[in-house]
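Below is one structure, written out as C-alpha coordinates; the observations come after it.
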Protein chains: 2
Amino acid sequence: MSQAEENYLKAIYTLQTEFGKSLSTNIIAAKIDTKASSVTDMLKKLSLKKLVIYKKYQGAHLTKKGNDLAIKVIRKHRLWETFLVNKLDFNWNEVHDIAEQLEHIKSDVLMAKLDAFLGHPKQDPHGTPIPNREGVFPEIENDYLSNIPTDTLCILVGVKNSSDVFLNYLNSKNIALNSTIKVLSVEPFDKSMLVEINNKQLLITGEVAINLQVIKQ
Amino acid sequence: MSQAEENYLKAIYTLQTEFGKSLSTNIIAAKIDTKASSVTDMLKKLSLKKLVIYKKYQGAHLTKKGNDLAIKVIRKHRLWETFLVNKLDFNWNEVHDIAEQLEHIKSDVLMAKLDAFLGHPKQDPHGTPIPNREGVFPEIENDYLSNIPTDTLCILVGVKNSSDVFLNYLNSKNIALNSTIKVLSVEPFDKSMLVEINNKQLLITGEVAINLQVIKQ
DNA sequence: TTTTATTTTTAGATATGTCTAAAAATTATT
DNA sequence: AATAATTTTTAGACATATCTAAAAATAAAA
Ligand SMILES: [Mn+2]
Ligand SMILES: [Mn+2]
Ligand SMILES: [Mn+2]
Ligand SMILES: [Mn+2]
(Lines give C-alpha, C1' and ligand atoms only; values in the text may rest on other atoms or scores of the structure.)
(Ligands and ions follow the chains in the order given, each with its own letter.)
Protein backbone atom coordinates (compact mmCIF):
# COMPACT_ATOMS: atom_id res chain seq x y z
CA MET A 1 0.00 0.00 0.00
CA SER A 2 1.46 3.33 -1.10
CA GLN A 3 0.71 6.61 0.65
CA ALA A 4 -1.34 7.75 -2.33
CA GLU A 5 -3.48 4.61 -2.23
CA GLU A 6 -4.03 5.02 1.51
CA ASN A 7 -5.05 8.64 1.07
CA TYR A 8 -7.56 7.64 -1.61
CA LEU A 9 -9.09 4.92 0.58
CA LYS A 10 -9.41 7.35 3.47
CA ALA A 11 -11.03 9.98 1.26
CA ILE A 12 -13.48 7.49 -0.23
CA TYR A 13 -14.35 6.22 3.25
CA THR A 14 -15.09 9.71 4.53
CA LEU A 15 -17.09 10.67 1.43
CA GLN A 16 -19.15 7.47 1.68
CA THR A 17 -20.29 8.29 5.20
CA GLU A 18 -21.30 11.70 3.86
CA PHE A 19 -22.79 10.94 0.44
CA GLY A 20 -23.60 7.24 0.56
CA LYS A 21 -22.71 4.43 -1.76
CA SER A 22 -21.38 5.46 -5.11
CA LEU A 23 -18.90 8.29 -5.48
CA SER A 24 -18.12 10.15 -8.69
CA THR A 25 -14.54 10.78 -9.75
CA ASN A 26 -15.21 14.50 -9.48
CA ILE A 27 -16.23 14.31 -5.82
CA ILE A 28 -13.16 12.26 -4.97
CA ALA A 29 -10.95 14.60 -6.97
CA ALA A 30 -12.27 17.61 -5.06
CA LYS A 31 -11.64 15.91 -1.72
CA ILE A 32 -8.06 14.93 -2.56
CA ASP A 33 -7.36 18.12 -4.47
CA THR A 34 -6.42 16.41 -7.71
CA LYS A 35 -7.90 15.93 -11.18
CA ALA A 36 -10.72 13.57 -12.16
CA SER A 37 -8.45 11.84 -14.67
CA SER A 38 -6.00 11.01 -11.90
CA VAL A 39 -8.85 9.59 -9.85
CA THR A 40 -9.91 7.37 -12.74
CA ASP A 41 -6.39 5.96 -12.94
CA MET A 42 -6.27 5.29 -9.23
CA LEU A 43 -9.73 3.71 -9.12
CA LYS A 44 -8.63 1.24 -11.78
CA LYS A 45 -5.62 0.32 -9.67
CA LEU A 46 -7.61 0.00 -6.45
CA SER A 47 -10.21 -2.03 -8.32
CA LEU A 48 -7.54 -4.48 -9.51
CA LYS A 49 -6.44 -4.84 -5.89
CA LYS A 50 -10.06 -5.53 -4.86
CA LEU A 51 -10.14 -2.49 -2.60
CA VAL A 52 -12.95 -0.70 -4.44
CA ILE A 53 -15.83 -1.67 -6.70
CA TYR A 54 -15.54 0.48 -9.77
CA LYS A 55 -17.42 0.47 -13.04
CA LYS A 56 -16.83 2.98 -15.79
CA TYR A 57 -19.04 6.06 -15.51
CA GLN A 58 -20.80 4.44 -12.52
CA GLY A 59 -18.65 5.70 -9.66
CA ALA A 60 -16.91 3.68 -6.98
CA HIS A 61 -17.26 2.41 -3.42
CA LEU A 62 -15.09 0.47 -1.00
CA THR A 63 -15.03 -3.30 -0.68
CA LYS A 64 -14.88 -4.88 2.79
CA LYS A 65 -11.11 -5.10 2.38
CA GLY A 66 -10.85 -1.45 1.30
CA ASN A 67 -13.09 -0.37 4.15
CA ASP A 68 -10.97 -2.21 6.71
CA LEU A 69 -7.80 -0.64 5.37
CA ALA A 70 -9.34 2.84 5.35
CA ILE A 71 -10.41 2.46 8.98
CA LYS A 72 -6.91 1.30 9.86
CA VAL A 73 -5.40 4.45 8.37
CA ILE A 74 -7.99 6.59 10.16
CA ARG A 75 -7.15 4.82 13.43
CA LYS A 76 -3.47 5.59 12.93
CA HIS A 77 -4.19 9.22 12.07
CA ARG A 78 -6.26 9.75 15.21
CA LEU A 79 -3.88 7.92 17.52
CA TRP A 80 -0.99 10.04 16.26
CA GLU A 81 -3.02 13.23 16.72
CA THR A 82 -3.75 12.14 20.27
CA PHE A 83 -0.06 11.54 20.86
CA LEU A 84 0.89 14.94 19.49
CA VAL A 85 -1.59 16.80 21.68
CA ASN A 86 -1.51 14.71 24.86
CA LYS A 87 2.20 13.94 24.99
CA LEU A 88 4.00 16.51 22.88
CA ASP A 89 1.90 19.48 23.92
CA PHE A 90 0.72 20.47 20.47
CA ASN A 91 -2.39 22.56 20.13
CA TRP A 92 -5.39 20.78 18.59
CA ASN A 93 -5.26 22.89 15.45
CA GLU A 94 -1.60 22.09 14.73
CA VAL A 95 -1.64 18.31 14.45
CA HIS A 96 -3.58 17.38 11.33
CA ASP A 97 -0.85 17.87 8.73
CA ILE A 98 1.74 16.00 10.75
CA ALA A 99 -0.70 13.13 11.38
CA GLU A 100 -1.35 13.11 7.64
CA GLN A 101 2.27 11.96 7.29
CA LEU A 102 2.49 9.75 10.38
CA GLU A 103 -0.62 7.76 9.43
CA HIS A 104 1.41 6.09 6.68
CA ILE A 105 4.10 4.58 8.92
CA LYS A 106 3.90 0.83 8.56
CA SER A 107 4.12 -1.17 11.78
CA ASP A 108 1.27 -2.91 13.57
CA VAL A 109 3.42 -3.36 16.67
CA LEU A 110 4.10 0.36 16.75
CA MET A 111 0.42 1.21 16.71
CA ALA A 112 -0.39 -1.34 19.39
CA LYS A 113 2.31 0.09 21.63
CA LEU A 114 1.38 3.69 20.92
CA ASP A 115 -2.25 2.87 21.70
CA ALA A 116 -1.23 1.36 25.05
CA PHE A 117 1.10 4.30 25.79
CA LEU A 118 -1.81 6.69 25.28
CA GLY A 119 -4.08 4.59 27.51
CA HIS A 120 -6.26 3.21 24.69
CA PRO A 121 -7.96 6.52 23.98
CA LYS A 122 -11.49 6.41 22.55
CA GLN A 123 -11.42 9.92 21.08
CA ASP A 124 -8.82 12.05 19.36
CA PRO A 125 -8.05 15.66 20.38
CA HIS A 126 -11.08 16.88 18.44
CA GLY A 127 -13.39 14.43 20.19
CA THR A 128 -13.66 12.23 17.10
CA PRO A 129 -13.96 8.50 17.89
CA ILE A 130 -10.90 6.29 17.39
CA PRO A 131 -11.69 2.81 16.04
CA ASN A 132 -10.14 -0.06 17.98
CA ARG A 133 -7.71 -2.61 16.55
CA GLU A 134 -10.63 -4.58 15.12
CA GLY A 135 -11.89 -1.49 13.31
CA VAL A 136 -14.88 -0.98 15.60
CA PHE A 137 -15.75 2.60 16.48
CA PRO A 138 -16.65 3.28 20.13
CA GLU A 139 -20.16 4.50 20.81
CA ILE A 140 -19.94 8.07 21.99
CA GLU A 141 -22.98 10.04 23.11
CA ASN A 142 -23.36 12.93 20.78
CA ASP A 143 -24.66 15.67 23.00
CA TYR A 144 -24.22 19.05 21.40
CA LEU A 145 -24.30 22.37 23.19
CA SER A 146 -27.27 23.39 21.04
CA ASN A 147 -29.37 20.77 22.86
CA ILE A 148 -28.33 21.61 26.40
CA PRO A 149 -30.92 23.38 28.54
CA THR A 150 -30.03 26.61 30.30
CA ASP A 151 -28.18 26.58 33.61
CA THR A 152 -26.77 23.10 33.04
CA LEU A 153 -23.04 22.75 33.59
CA CYS A 154 -21.27 20.79 30.89
CA ILE A 155 -17.80 20.11 29.60
CA LEU A 156 -16.49 20.41 26.07
CA VAL A 157 -15.36 16.98 24.88
CA GLY A 158 -15.15 17.48 21.15
CA VAL A 159 -15.92 19.50 18.05
CA LYS A 160 -18.05 18.33 15.16
CA ASN A 161 -16.12 20.58 12.81
CA SER A 162 -12.34 20.45 13.24
CA SER A 163 -11.40 22.82 10.45
CA ASP A 164 -8.58 25.22 11.07
CA VAL A 165 -10.87 28.25 10.87
CA PHE A 166 -13.24 26.91 13.53
CA LEU A 167 -10.44 25.77 15.85
CA ASN A 168 -8.83 29.19 15.52
CA TYR A 169 -12.13 30.82 16.44
CA LEU A 170 -12.33 28.64 19.55
CA ASN A 171 -8.71 29.39 20.45
CA SER A 172 -9.35 33.12 20.15
CA LYS A 173 -12.19 32.78 22.66
CA ASN A 174 -10.13 30.54 24.94
CA ILE A 175 -12.51 27.67 24.37
CA ALA A 176 -10.59 24.42 24.68
CA LEU A 177 -11.23 20.74 25.34
CA ASN A 178 -12.48 20.29 28.91
CA SER A 179 -13.67 23.87 29.15
CA THR A 180 -16.67 24.18 31.45
CA ILE A 181 -19.65 25.73 29.69
CA LYS A 182 -22.97 26.90 31.07
CA VAL A 183 -25.80 28.10 28.85
CA LEU A 184 -27.21 31.29 30.32
CA SER A 185 -29.87 32.02 27.71
CA VAL A 186 -30.94 31.06 24.22
CA GLU A 187 -32.39 33.46 21.67
CA PRO A 188 -35.37 31.64 20.13
CA PHE A 189 -35.15 33.65 16.91
CA ASP A 190 -31.72 32.40 15.71
CA LYS A 191 -30.65 29.93 18.41
CA SER A 192 -27.75 32.14 19.38
CA MET A 193 -26.64 31.61 22.96
CA LEU A 194 -25.24 33.57 25.83
CA VAL A 195 -22.88 31.17 27.58
CA GLU A 196 -20.43 31.31 30.43
CA ILE A 197 -17.01 29.87 29.67
CA ASN A 198 -14.09 30.18 32.04
CA ASN A 199 -16.06 32.62 34.19
CA LYS A 200 -16.62 34.93 31.25
CA GLN A 201 -19.82 35.58 29.36
CA LEU A 202 -19.76 35.09 25.65
CA LEU A 203 -22.30 35.24 22.85
CA ILE A 204 -22.07 32.43 20.33
CA THR A 205 -24.12 31.73 17.24
CA GLY A 206 -26.28 28.65 16.79
CA GLU A 207 -23.81 27.46 14.17
CA VAL A 208 -21.07 27.42 16.81
CA ALA A 209 -23.31 25.67 19.34
CA ILE A 210 -24.20 22.76 17.06
CA ASN A 211 -20.49 22.12 16.53
CA LEU A 212 -19.58 21.87 20.21
CA GLN A 213 -19.81 18.36 21.59
CA VAL A 214 -20.33 18.31 25.35
CA ILE A 215 -21.24 16.06 28.26
CA LYS A 216 -23.40 17.20 31.15
CA GLN A 217 -21.66 17.47 34.46
CA MET B 1 13.64 16.33 -0.24
CA SER B 2 12.26 12.89 -1.07
CA GLN B 3 12.78 9.85 1.14
CA ALA B 4 15.12 8.36 -1.45
CA GLU B 5 17.26 11.50 -1.49
CA GLU B 6 17.40 11.55 2.31
CA ASN B 7 18.43 7.91 2.44
CA TYR B 8 21.23 8.58 -0.04
CA LEU B 9 22.53 11.56 1.94
CA LYS B 10 22.52 9.52 5.13
CA ALA B 11 24.32 6.63 3.46
CA ILE B 12 26.96 8.92 1.96
CA TYR B 13 27.45 10.61 5.32
CA THR B 14 28.01 7.31 7.12
CA LEU B 15 30.31 5.99 4.41
CA GLN B 16 32.35 9.19 4.47
CA THR B 17 33.11 8.83 8.17
CA GLU B 18 34.22 5.29 7.40
CA PHE B 19 36.09 5.60 4.09
CA GLY B 20 36.95 9.27 3.85
CA LYS B 21 36.36 11.77 1.09
CA SER B 22 35.38 10.32 -2.23
CA LEU B 23 32.91 7.47 -2.50
CA SER B 24 32.46 5.21 -5.51
CA THR B 25 29.02 4.44 -6.88
CA ASN B 26 29.60 0.78 -6.07
CA ILE B 27 30.22 1.44 -2.38
CA ILE B 28 27.10 3.58 -2.14
CA ALA B 29 25.10 1.00 -4.07
CA ALA B 30 26.16 -1.74 -1.65
CA LYS B 31 25.18 0.38 1.35
CA ILE B 32 21.74 1.23 0.01
CA ASP B 33 21.21 -2.18 -1.56
CA THR B 34 20.65 -0.89 -5.07
CA LYS B 35 22.51 -0.85 -8.38
CA ALA B 36 25.46 1.35 -9.35
CA SER B 37 23.52 2.75 -12.29
CA SER B 38 20.78 3.93 -9.94
CA VAL B 39 23.40 5.60 -7.78
CA THR B 40 24.81 7.42 -10.79
CA ASP B 41 21.35 8.79 -11.57
CA MET B 42 20.82 9.94 -8.00
CA LEU B 43 24.27 11.52 -7.70
CA LYS B 44 23.50 13.63 -10.75
CA LYS B 45 20.30 14.82 -9.14
CA LEU B 46 21.91 15.54 -5.77
CA SER B 47 24.72 17.31 -7.57
CA LEU B 48 22.23 19.59 -9.35
CA LYS B 49 20.74 20.40 -5.96
CA LYS B 50 24.23 21.23 -4.62
CA LEU B 51 24.01 18.51 -2.00
CA VAL B 52 26.99 16.50 -3.28
CA ILE B 53 30.12 17.17 -5.29
CA TYR B 54 30.15 14.63 -8.09
CA LYS B 55 32.39 14.22 -11.09
CA LYS B 56 32.08 11.39 -13.56
CA TYR B 57 34.21 8.38 -12.64
CA GLN B 58 35.64 10.38 -9.72
CA GLY B 59 33.17 9.49 -6.97
CA ALA B 60 31.14 11.84 -4.77
CA HIS B 61 31.12 13.55 -1.40
CA LEU B 62 28.73 15.78 0.51
CA THR B 63 28.67 19.56 0.35
CA LYS B 64 28.16 21.56 3.55
CA LYS B 65 24.47 21.73 2.69
CA GLY B 66 24.29 17.97 2.06
CA ASN B 67 26.19 17.26 5.25
CA ASP B 68 23.81 19.38 7.31
CA LEU B 69 20.79 17.66 5.83
CA ALA B 70 22.29 14.21 6.43
CA ILE B 71 22.95 15.05 10.07
CA LYS B 72 19.39 16.30 10.41
CA VAL B 73 18.01 12.98 9.16
CA ILE B 74 20.37 11.09 11.49
CA ARG B 75 19.19 13.24 14.40
CA LYS B 76 15.59 12.39 13.59
CA HIS B 77 16.37 8.69 13.27
CA ARG B 78 18.06 8.55 16.67
CA LEU B 79 15.45 10.65 18.46
CA TRP B 80 12.72 8.36 17.15
CA GLU B 81 14.66 5.28 18.22
CA THR B 82 15.00 6.80 21.67
CA PHE B 83 11.27 7.45 21.76
CA LEU B 84 10.47 3.90 20.72
CA VAL B 85 12.67 2.35 23.39
CA ASN B 86 12.24 4.81 26.26
CA LYS B 87 8.55 5.56 25.87
CA LEU B 88 6.97 2.74 23.90
CA ASP B 89 8.93 -0.07 25.53
CA PHE B 90 10.49 -1.46 22.37
CA ASN B 91 13.60 -3.56 22.66
CA TRP B 92 16.77 -1.97 21.26
CA ASN B 93 16.97 -4.45 18.41
CA GLU B 94 13.42 -3.78 17.19
CA VAL B 95 13.52 -0.06 16.45
CA HIS B 96 15.80 0.50 13.49
CA ASP B 97 13.37 -0.33 10.68
CA ILE B 98 10.57 1.76 12.14
CA ALA B 99 12.95 4.69 12.67
CA GLU B 100 14.00 4.27 9.06
CA GLN B 101 10.45 5.33 8.18
CA LEU B 102 9.90 7.91 10.92
CA GLU B 103 13.11 9.79 10.08
CA HIS B 104 11.41 11.09 6.92
CA ILE B 105 8.51 12.85 8.66
CA LYS B 106 8.79 16.53 7.86
CA SER B 107 8.23 18.90 10.77
CA ASP B 108 10.87 20.87 12.64
CA VAL B 109 8.40 21.69 15.40
CA LEU B 110 7.66 18.01 15.86
CA MET B 111 11.33 17.17 16.33
CA ALA B 112 11.85 20.04 18.76
CA LYS B 113 8.90 18.90 20.84
CA LEU B 114 9.88 15.23 20.68
CA ASP B 115 13.41 16.16 21.76
CA ALA B 116 12.03 18.06 24.76
CA PHE B 117 9.62 15.24 25.62
CA LEU B 118 12.55 12.81 25.72
CA GLY B 119 14.57 15.19 27.91
CA HIS B 120 17.06 16.22 25.22
CA PRO B 121 18.81 12.85 25.10
CA LYS B 122 22.49 12.81 24.09
CA GLN B 123 22.56 9.16 23.05
CA ASP B 124 20.16 6.83 21.32
CA PRO B 125 19.25 3.37 22.71
CA HIS B 126 22.47 1.93 21.29
CA GLY B 127 24.60 4.60 22.96
CA THR B 128 25.20 6.37 19.66
CA PRO B 129 25.44 10.18 20.00
CA ILE B 130 22.47 12.30 18.90
CA PRO B 131 23.44 15.58 17.23
CA ASN B 132 21.70 18.67 18.62
CA ARG B 133 19.48 21.01 16.63
CA GLU B 134 22.56 22.79 15.30
CA GLY B 135 23.98 19.51 14.05
CA VAL B 136 26.71 19.30 16.69
CA PHE B 137 27.43 15.85 18.11
CA PRO B 138 27.90 15.66 21.87
CA GLU B 139 31.31 14.54 23.09
CA ILE B 140 30.94 11.13 24.64
CA GLU B 141 33.84 9.35 26.33
CA ASN B 142 34.45 6.19 24.40
CA ASP B 143 35.52 3.73 27.04
CA TYR B 144 35.24 0.18 25.81
CA LEU B 145 35.11 -2.89 27.99
CA SER B 146 38.27 -4.13 26.27
CA ASN B 147 40.21 -1.30 27.98
CA ILE B 148 38.79 -1.72 31.48
CA PRO B 149 41.15 -3.20 34.07
CA THR B 150 40.06 -6.22 36.10
CA ASP B 151 37.88 -5.81 39.16
CA THR B 152 36.55 -2.42 38.02
CA LEU B 153 32.78 -2.03 38.14
CA CYS B 154 31.32 -0.43 35.08
CA ILE B 155 28.00 0.08 33.36
CA LEU B 156 27.05 -0.64 29.78
CA VAL B 157 26.06 2.61 28.08
CA GLY B 158 26.25 1.66 24.43
CA VAL B 159 27.32 -0.70 21.69
CA LYS B 160 29.75 0.12 18.92
CA ASN B 161 28.06 -2.42 16.68
CA SER B 162 24.28 -2.27 16.69
CA SER B 163 23.62 -4.96 14.13
CA ASP B 164 20.73 -7.29 14.72
CA VAL B 165 23.00 -10.31 15.13
CA PHE B 166 25.10 -8.63 17.84
CA LEU B 167 22.08 -7.24 19.69
CA ASN B 168 20.48 -10.67 19.60
CA TYR B 169 23.65 -12.17 21.06
CA LEU B 170 23.54 -9.62 23.90
CA ASN B 171 19.85 -10.29 24.49
CA SER B 172 20.50 -14.02 24.70
CA LYS B 173 23.07 -13.37 27.44
CA ASN B 174 20.80 -10.89 29.20
CA ILE B 175 23.23 -8.08 28.55
CA ALA B 176 21.32 -4.83 28.26
CA LEU B 177 21.88 -1.09 28.55
CA ASN B 178 22.77 -0.22 32.16
CA SER B 179 23.91 -3.74 32.94
CA THR B 180 26.67 -3.75 35.55
CA ILE B 181 29.81 -5.46 34.32
CA LYS B 182 32.98 -6.45 36.15
CA VAL B 183 36.02 -7.89 34.39
CA LEU B 184 37.24 -10.88 36.37
CA SER B 185 40.14 -11.90 34.16
CA VAL B 186 41.58 -11.36 30.70
CA GLU B 187 43.25 -14.06 28.62
CA PRO B 188 46.41 -12.41 27.18
CA PHE B 189 46.50 -14.81 24.24
CA ASP B 190 43.23 -13.74 22.54
CA LYS B 191 41.90 -10.95 24.82
CA SER B 192 38.90 -13.04 25.74
CA MET B 193 37.44 -12.10 29.10
CA LEU B 194 35.73 -13.70 32.00
CA VAL B 195 33.21 -11.14 33.20
CA GLU B 196 30.49 -10.95 35.79
CA ILE B 197 27.18 -9.61 34.51
CA ASN B 198 24.01 -9.64 36.57
CA ASN B 199 25.73 -11.81 39.20
CA LYS B 200 26.57 -14.46 36.63
CA GLN B 201 29.94 -15.31 35.20
CA LEU B 202 30.30 -15.27 31.44
CA LEU B 203 33.11 -15.75 28.96
CA ILE B 204 33.14 -13.24 26.11
CA THR B 205 35.51 -12.90 23.18
CA GLY B 206 37.72 -9.88 22.62
CA GLU B 207 35.53 -9.03 19.64
CA VAL B 208 32.55 -8.69 21.95
CA ALA B 209 34.52 -6.64 24.47
CA ILE B 210 35.65 -4.02 21.98
CA ASN B 211 32.01 -3.46 20.98
CA LEU B 212 30.73 -2.77 24.49
CA GLN B 213 30.82 0.88 25.45
CA VAL B 214 30.96 1.39 29.22
CA ILE B 215 31.57 3.97 31.91
CA LYS B 216 33.41 3.20 35.13
CA GLN B 217 31.34 3.30 38.26
C1' DT C 1 -36.24 13.41 -29.07
C1' DT C 2 -32.69 15.90 -30.72
C1' DT C 3 -29.42 19.20 -29.17
C1' DT C 4 -26.50 21.03 -25.62
C1' DA C 5 -23.95 20.87 -21.40
C1' DT C 6 -21.52 18.30 -18.08
C1' DT C 7 -19.02 14.48 -16.50
C1' DT C 8 -15.88 10.85 -17.17
C1' DT C 9 -12.46 8.40 -19.59
C1' DT C 10 -8.57 7.90 -22.72
C1' DA C 11 -4.31 9.30 -24.95
C1' DG C 12 -0.11 11.16 -24.45
C1' DA C 13 3.24 13.72 -21.62
C1' DT C 14 6.14 14.61 -17.39
C1' DA C 15 8.65 13.53 -13.05
C1' DT C 16 10.70 10.18 -9.76
C1' DG C 17 13.20 6.16 -8.91
C1' DT C 18 14.50 1.88 -10.22
C1' DC C 19 16.34 -1.93 -13.34
C1' DT C 20 19.15 -4.60 -17.27
C1' DA C 21 22.33 -4.66 -20.85
C1' DA C 22 25.67 -2.39 -23.55
C1' DA C 23 29.22 1.15 -24.03
C1' DA C 24 32.89 3.89 -22.13
C1' DA C 25 36.41 4.84 -18.86
C1' DT C 26 39.52 3.48 -15.40
C1' DT C 27 42.54 0.23 -13.13
C1' DA C 28 45.27 -3.96 -13.02
C1' DT C 29 48.03 -7.42 -15.26
C1' DT C 30 50.94 -9.36 -18.40
C1' DA D 1 52.71 -0.44 -23.65
C1' DA D 2 49.30 -3.38 -24.93
C1' DT D 3 45.79 -6.36 -23.20
C1' DA D 4 42.53 -7.87 -19.79
C1' DA D 5 39.57 -7.11 -15.87
C1' DT D 6 36.82 -4.09 -13.32
C1' DT D 7 34.20 -0.11 -12.53
C1' DT D 8 31.20 3.41 -14.01
C1' DT D 9 28.13 5.53 -17.11
C1' DT D 10 24.63 5.62 -20.70
C1' DA D 11 20.63 3.98 -23.22
C1' DG D 12 16.37 2.23 -22.96
C1' DA D 13 12.75 0.18 -20.30
C1' DC D 14 9.26 -0.14 -16.48
C1' DA D 15 6.28 1.25 -12.42
C1' DT D 16 4.00 4.96 -9.84
C1' DA D 17 1.49 9.08 -9.76
C1' DT D 18 0.31 13.07 -11.71
C1' DC D 19 -1.14 16.47 -15.46
C1' DT D 20 -3.46 18.57 -20.00
C1' DA D 21 -6.22 18.14 -23.88
C1' DA D 22 -9.21 15.48 -26.68
C1' DA D 23 -12.74 11.86 -27.12
C1' DA D 24 -16.60 9.33 -25.33
C1' DA D 25 -20.46 8.73 -22.40
C1' DT D 26 -24.04 10.45 -19.56
C1' DA D 27 -27.27 13.92 -17.96
C1' DA D 28 -29.92 18.08 -18.76
C1' DA D 29 -32.43 21.25 -21.66
C1' DA D 30 -34.91 22.61 -25.45
MN1 LIG E 1 -6.87 15.07 11.41
MN1 LIG F 1 -1.96 11.07 4.49
MN1 LIG G 1 19.06 2.83 13.63
MN1 LIG H 1 15.00 5.91 5.78
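Each chain gets a letter, A, B and so on, in the order its sequence line appears, and its residues count up from 1. Keep in mind it's a predicted model, so treat the numbers as computed, not measured.
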task: Only counting residues at least two apart or in another chain, list the ones meeting salt bridge (charged side-chain N to carboxylate O under 4.0 Å, His left out) with Lys10(A).
output: Glu100(A), Glu103(A)
task: Please identify each residue that fulfils salt bridge (charged side-chain N to carboxylate O under 4.0 Å, His left out) with Glu6(B), with sequence neighbours left out.
output: Lys106(B)
query: With sequence neighbours left out, what residues match Asp143(B) under salt bridge (charged side-chain N to carboxylate O under 4.0 Å, His left out)?
result: none
Those residues of residues 39-57 of chain B lying under 4.0 Å from DNA chain D by at least one heavy atom: Thr40(B), Lys44(B), Tyr54(B), Lys56(B), Tyr57(B)
message: Can you list, in residue-number order, the parts of residues 13-20 of chain B that come under 4.0 Å of DNA chain D, counting heavy atoms only?
response: none
- request: Establish, from distance only, whether the side-chain atoms of His120(A) and Asn132(A) form a donor-acceptor pair under 3.5 Å.
  value: no
message: Could you work out, with side-chain hydrogen bond (donor to acceptor under 3.5 Å, both in side chains) as the rule, every residue matching Glu5(B), not counting sequence neighbours?
response: Ser2(B), Lys49(B)
- prompt: Excluding sequence neighbours, so at least two apart, what forms side-chain hydrogen bond (donor to acceptor under 3.5 Å, both in side chains) with Asp190(A)?
  reply: Ser192(A)
query: side chain to side chain contact (heavy atoms under 4.5 Å, CB included) with Lys173(A): which residues, sequence neighbours excluded?
result: Tyr169(A), Ile175(A), Leu202(A)
- request: At the 4.0 Å heavy-atom cut-off to chain A, mark where contacts on DNA chain D begin and end, going 5' to 3'.
  value: dT16(D) to dT26(D)
task: With sequence neighbours excluded, give me every ring pair (Phe, Tyr, Trp, His ring centres under 6.0 Å) pair touching residues 62-98 of chain B.
output: Phe83(A)-Phe83(B), His77(B)-His96(B), Trp80(B)-Phe83(B)
- line: Residues at least two apart in sequence or cross-chain that pass salt bridge (charged side-chain N to carboxylate O under 4.0 Å, His left out) with Asp41(B), listed by chain then number, are none
field: Leu177(A) to Gly158(A) - nearest heavy-atom pair and separation
entry: CD2-N, 3.6 Å
message: Less than 4.5 Å apart, side chain to side chain, heavy atoms only: is that true for Ile105(B) and Ile105(A)?
response: yes
task: Go through the side-chain N and O atoms of Asn161(A) and Ser163(A) and say whether any donor and acceptor fall under 3.5 Å apart.
output: yes
- prompt: Heavy atom of residues 23-36 of chain A under 4.0 Å from DNA chain D: which residues?
  reply: Thr34(A), Lys35(A)
